[in-house]
Amino acid sequence: MLTRATTATRVLALLFLLSVAPLAAAADSWTRDDAAHLLRRAAFGGTPEQVDRLHALGKSAAVEYLLGAAPSAITRPAGAPAIFPPADLPDFKSEAMPPEILQIQRWRRLETLRLRSWWIDRMARTDRPLEEKMTLFWHGLFTSGIQEVKLPQFISRQNALFHAHALGNYRTLAEAVVRDPAMLRYLNADSNVKGKPNENLARELMELFTMGEGNGYTERDIAEVARALTGATTSLMGYVYRPVKHDQAAKVIFGKAGNYRPDDIVPLIFQRPEPPRYLARRLWEFFAFPNPTDADIAPVAAALAANNFELRPALRALFTSPAFYADKARFAVIKSPVGLVVSTLRTMEQPSSPDRMRGLLQELDKMGQSLLQPPNVKGWPGGEHWITSATLFTRYNACSTIVQGGMGFTPVSPARLFPTLPRPTADQLVDAAIARYLQRPLHPDKRKALIETLGTNPLTLGKEESDRRARQMLALLLSTPEYQVE
Amino acid sequence: MTTPLFSRRLFLQRGAQLLSVAGTLPLFLDHSAHALAADYAANPQGAGRPDRILVVIQLAGGNDGLNTVVPIRNDNYYRARPKLGIARQVALRLTDDFGVHPAAAGLKKLYDAGHLAVVHAVGYPNPNRSHFRATDIWATAEPDRMGQSGWLGRYFDACCNGHDPGPKPAPAPGKSATTAAEPSDAIALLNESPLALQGDKFLPLAFRTPDSLTYRDGVGRPAVAGAFNKLNDLDDDEGMMARKPAIPMGTAGSLKSDPVADDFLQRTALNARVYADKIKRTATSVQNKAKYPDSRLATDLKLVAQMIASGLPTRVYYVTLGGFDTHSQQANRHERLMTDLGGAMAAFVEDLKALGHLDRTTVMTFIEFGRRVTENGSAGTDHGEAAPLFIAGGAPLKPGFHGTAPTLDPATLHRGDVPFNLDFRRIYATVLKTWLRADDTKVLGKKFDPIELYKTLA
C-alpha cells in the first residue's frame with residue numbers, strides 16, 4: 001500500500017543505492033531480516049518503517065549510517081525522511097545544591113535520579129542510537145558506581161566522557177579514565193600513596209578495563225602499577241596530581257624498568273597485544289553473541305590494532321562480518337533490562353520525557369540493571385544472568401505497563417501502531433503484532449492463544465473497547481520468553 | 001483435555017518436573033504433578049520433604065576474619081593493627097584466646113548455646129585475590145580451572161540418580177519415578193541465580209520476594225492468566241519444524257537461529273510460572289516464632305524459615321550479605337555488617353529451633369577471601385587469603401572451634417596474608433557426604449577428607 005511519499009522515498013533510496021553500487025556489489029546478501037537484526041543490535045530495535053528504510057540503504061550504507069561517520073555524511077539521500085526522527089538531545093547540566101535543600105544526601109539522590117532520568121530519556125528519543133549503546137557499553141566496562149563516588153557531578157562528568165568517546169578512541173578514553181575523578185574515587189586512588197599502595201585501580205585497570213584477568217600481567221605488575229599511579233588523586237574540583245604522594249623510585253612493569261608516573265601506564269598497557277583482543281571480545285559479546293571464538297573476534301581486534309584503537313573501524317568490521325549475520329547470531333542475545341525497556345518504549349512509540357522515568361528506573365533496579373550503579377566493578381555479566389524467575393516477571397510487568405499505561409505512561413494507541421489496519425480481523429492484528437515486535441514467527445499454538453484473547457467481536461482500532469482488547473494482547477505478547485531475546 | 005504444549009522429548013532430556021498450579025487454570029495436566037500437589041495439601045510434613053536442609057549465607061566482598069574472630073591474646077595481631085585492632089576487653093569473649101567483634105552479639109549467643117562451629121583459616125592453595133575469580137572458585141570448588149558449574153549445582157545434577165537416598169514423592173499410577181532434581185530443590189533469594197547453585201543441567205529458583213512472581217495483568221482475570229500460561233510454556237519443537245509458519249514475514253525469514261537463548265528462556269519461564277504460586281502460598285502459611293532484626297539478611301532468613309517449616313521440598317537455600325570489601329574506613333562498616341550477620345543468624349537459629357526444624361538444618365557461611373593482617377593507610381584492609389568460616393546447626397552439629405588457629409607470626413604469613421590451614425573443599429566434602437549423604441568425590445572431582453563437624457549421624 002504505497003503512498004506517494006513512500007514511493008518517492010523508495011525511488012530516492014534506489015538512486016542512492018545505485019550511486020554507491022560498487023560498495024553494494026562488494027557486500028554480500030542483505031535481506032530485510034538482516035536489516036532488522038542490525039537494528040536490534042546496533043540500535044534499540046526499529047519499527048517496520050525504520051527496518052524498511054535501513055534495508056533500502058544496503059548493508060554498507062546502513063552500517064555507515066548507524067556509525068554516523070561524519071556529521072555531514074549521514075548517508076541517506078537528500079529529501080528522504082530520516083530513519084530515526086530527529087531529536088533535540090541537550091547535554092546534562094550539573095547543578096549546585098540549592099540552599100533550600102538542607103541535607104546533602106537528599107540533593108545527591110535527587111541529582112542522581114535526574115541524571116539517570118536524563119540518560120534513559122535520551123536513549124528513548126535519540127536519533128543516534130549506536131552512540132547511546134556504546135555509552136552504555138563503556139559504562140559497563142569502565143565501571144564506577146554513584147554510591148562509592150558519592151559526588152553526582154563526578155558521575156555526570158564521567159558519563160559525558162563516555163558519550164564523547166562513544167564512537168571515539170579506546171586508548172584515548174582509557175587515558176582519560178585514569179584521570180577521571182569518578183573512577184579514581186571509585187577505586188580508592190586517593191588512598192594509593194607512596195609507601196602505602198592501594199592496588200584497587202591498578203588491578204582493575206588491567207584485569208577488567210584493558211587486558212583480561214591474568215592475561216599478560218602478574219601480581220607483581222599490579223603492585224608496581226599501583227606504585228606508578230601514586231599521586232593521581234582527586235579534590236572536590238576534579239583530578240589533581242600530587243607529586244609529594246608519588247612514589248618516585250623505579251618500577252618494573254611488564255619486565256621493563258622505568259620511573260613510571262600515572263600518565264605512563266595506559267601507553268605502556270596499549271603497547272601490549274592484549275588490549276585489542278580484550279576489547280574485541282567485549283564488543284562482540286555486547287553486540288553479537290556470547291562466547292565467540294578467536295576467529296569470530298579476529299577482524300574486530302585487527303581493526304582496532306590497525307587503526308590506532310579507533311572504534312568506528314572496529315564496529316564497522318563487527319557489523320559487516322559474516323559471523324555477525326550467521327544463523328548462530330540471530331536471536332542469540334538476551335536483551336539487557338535497559339535494552340528491553342528502551343526498545344519497547346521506542347517501538348511502542350511512547351513519548352518520552354525525563355520527568356516520567358522514576359517508576360521505570362525502579363523496575364530497572366529490580367531487573368538487575370541500576371544505571372550508574374553496576375553491582376560491582378566487573379559491571380553487568382549479562383546474558384543468562386539477566387533472567388531469573390523474578391526478573392522475568394519484572395520484565396513482563398514493566399513492559400505490560402508501558403503498553404497498558406502506568407508508571408507515568410499513557411496507554412499506547414493501537415491505531416497509531418497499526419495505521420494500515422483500522423478494522424483488522426483478530427488474525428491480522430496478531431500477525432502484525434508478531435511481525436512488528438518479535439520479527440520472527442511465533443509458535444502456532446501461542447499465536448492461537450493470542451488470537452483467542454481478542455475475542456470474537458469485530459475490532460475497530462481507535463474505539464476504546466477494541467483498543468483495550470488490542471492492548472491486552474500486546475501486553476501478553478511482550479510477556480513471553482520470545483520477546484526477551486533479540 | 002487439551003494436548004500438552006511441552007515437548008515430551010525436552011521433558012525427558014531436561015527432567016523438568018512440572019507442577020500444576022491451583023488458582024490458575026491448568027492448561028496442561030501432568031498426573032504426577034497433581035499427585036504431588038495433593039500430597040502437600042494433605043500432609044505438609046510428608047512425602048517430598050527433604051530430611052536435611054542446607055542454608056548458605058554468602059558474605060560478599062571478602063570478610064575481615066581477624067576482626068570477626070579476634071585473636072585476643074595474639075601480639076602479632078595488635079602490632080599489625082594499631083588502629084583497627086579490637087581490644088581484648090572490647091571483644092565478646094568466646095574462649096581464652098578468641099572473641100568475636102563486639103557488634104556480633106548474635107554470634108556469641110549462638111556459640112554459648114552450642115549452636116555455632118567456627119573453622120579456623122579456611123582457604124586453598126595459591127589463592128586468588130580478585131573478587132570475581134575468587135568467588136567463582138568458592139562457588140565451583142575448582143581453583144585450577146575456569147569451572148562453569150557450582151558445587152551445589154553439581155550436587156543436584158548427580159543426586160536423585162541413585163546417589164541421594166532422600167525421599168522423593170511417590171510416582172502417580174502409571175508414571176515412573178522422576179529422578180532428576182527440580183529447580184525448586186534450591187532457592188536463592190536473589191535477583192540472579194548464583195553460580196554455586198548452577199549445575200550443568202540444574203538451575204535453581206531465584207527471586208527476591210514471593211510477590212515478585214506474578215503477572216499483574218492476569219490477576220483476577222482467568223482468561224488472561226490462562227493465555228499467559230500458554231505463552232509461557234515450552235514449544236513443541238518437533239511440531240514447529242514440521243509446520244510452516246502461518247505468518248507472512250515479508251521476506252524469507254530464517255527459522256534456524258541457534259536455540260540456546262530461546263531454550264534457556266523457555267525453561268526459565270515455565271519453571272518460574274509453575275512454582276510462583278506455591279512459593280506465594282507458603283509465605284503466608286507459617287508464622288515465625290522469633291523476632292528478627294530489621295535488616296535485609298534477617299528478612300531473607302525469616303522467609304527461609306517459613307519455607308523450611310512449610311514443608312517445601314527445597315533442600316538448599318542461598319542468601320547473601322554484601323559490603324565486606326572494606327578497603328577504607330573499615331571500622332563503622334564492619335561493625336554494621338557484624339551486627340547484621342550476628343543478629344540475623346541468631347534470630348534464624350532461634351526461630352528454627354522453636355519451629356522444630358533446627359536439627360534438620362545446617363547453616364554455613366562462605367567468603368571469597370579474608371583480608372590482610374596489616375591494616376592499610378586508609379584505616380581499612382586489602383584483599384587477603386584465609387579466614388574463618390561459620391557453621392550453625394542443632395543437635396547433630398559439633399560446636400566450638402575446629403581446625404588450627406593461625407599464629408600470625410610474620411614468618412609464617414604468605415606475603416602478609418593468613419595462609420590457609422584447612423582447604424574449603426574439605427568443608428564442602430563434609431557437608432556433601434556427612435550431611436547431605438551424597439557422593440562428595442563425584443561432586444568435587446577428587447577426594448577431600450571430611451572434618452568432624454557432626455556427631456555420629458545415621
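In what follows, chains are A, B, ... by sequence order, proteins preceding strands, each numbered from 1.
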Q) How many angstroms lie between atom NZ of Lys230(B) and atom CG of Leu450(A), to the nearest 0.5 angstrom? A) 10.0 Å

Q: With a 4.5 Å cut-off on heavy-atom pairs, point out which of Asp190(A), Thr394(A), Asn200(A), Leu476(A) contacts chain B the most.
A: Leu476(A)

(Q) What part of Val377(A) gets within 4.5 angstrom of chain B, counting heavy atoms only: side chain, backbone, both, or neither? (A) both

**Q.** Side chain to side chain, Asp445(A) and Asp233(B), heavy atoms closer than 4.5 Å
**A.** no

Q | Per-residue contact mode, Ile334(A) against chain B (heavy atom under 4.5 angstrom) | A | side chain

Q) If you take all heavy atoms of Asp382(B) and Pro197(A), which pair is closest and at what distance? A) OD2-O, 4.2 Å

Q) Under 3.5 Å, is there a donor-acceptor pair between the Gln404(A) and Asp217(B) side chains? A) yes

Q | Heavy-atom proximity to chain A below 4.5 Å, by part of Gln329(B) | A | neither

**Q.** Residue list, side-chain contact (heavy atoms from CB on, under 4.5 Å) with Glu49(A), at least two apart or on another chain
**A.** Thr47(A), Arg53(A), Arg436(A)

Q: Below 4.5 Å from any heavy atom of chain A, which atoms of Thr268(B) appear? Answer side chain, backbone, both or neither.
A: both

Q | Portion of Ser400(A) that has a non-hydrogen atom of chain B nearer than 4.5 angstrom | A | side chain

**Q.** Contacts of residues 202-209 of chain A with chain B (heavy atom under 4.5 Å)
**A.** Arg203(A), Glu207(A), Leu208(A)

Q: Kindly give the heavy-atom pair with the smallest separation between Asn397(A) and Thr214(B), and that separation in Å.
A: ND2-O, 2.7 Å

Q. Which heavy atom of Ser479(A) sits nearest a heavy atom of Asn232(B), and at what distance?
A. O-ND2, 3.0 Å

Q. Relative to chain B, which of Glu384(A), Gln472(A), Lys378(A), Glu452(A) shows the most heavy atom pairs under 4.5 Å?
A. Glu384(A)

Q | Atom of Leu231(B), atom of Lys446(A) and distance for their closest heavy-atom approach | A | O-NZ, 3.4 Å

Q: Measure the spacing between CD of Glu148(A) and CG of Asp325(B) and express it to the nearest 0.5 Å.
A: 9.5 Å

(Q) If we define contacts as heavy-atom pairs under 4.5 Å, which of Arg129(B), Arg415(B), His383(B) has the most with chain A? (A) Arg129(B)

**Q.** Residues that Ser149(B) engages under side-chain hydrogen bond (donor to acceptor under 3.5 Å, both in side chains), provided they are two or more places apart
**A.** Arg154(B)

Q: Taking all heavy atoms of Ala227(B) and all of Thr453(A), pick out the closest pair and write down the distance.
A: CB-CG2, 3.5 Å

**Q.** Atom pair NE2/CG of His327(B) and Asn192(A) - distance to nearest 0.5 Å
**A.** 11.5 Å

Q.
With rounding to the nearest 0.5 angstrom, report the CZ to OG1 distance, Arg208(B) to Thr391(A).
A. 13.0 Å

Q. Does Pro411(A) have any side-chain contact (heavy atoms from CB on, under 4.5 Å) partners at least two apart in sequence or in another chain, and if so, which?
A. Arg471(A)

Q. Is the centre of the Phe393(A) ring less than 6.0 Å from the centre of the Phe207(B) ring?
A. no

(Q) Please give me the minimum heavy-atom distance between Ala269(B) and Leu392(A), naming the atom from each residue. (A) CA-CD2, 3.3 Å

Q: Considering only heavy atoms and a distance below 4.5 Å, find which of Met473(A), Glu199(A), Glu213(A), Lys366(A) pairs most often with chain B.
A: Glu213(A)

Q | Student check: side-chain heavy atoms of Asp262(B) and Pro481(A) closer than 4.5 Å | A | no

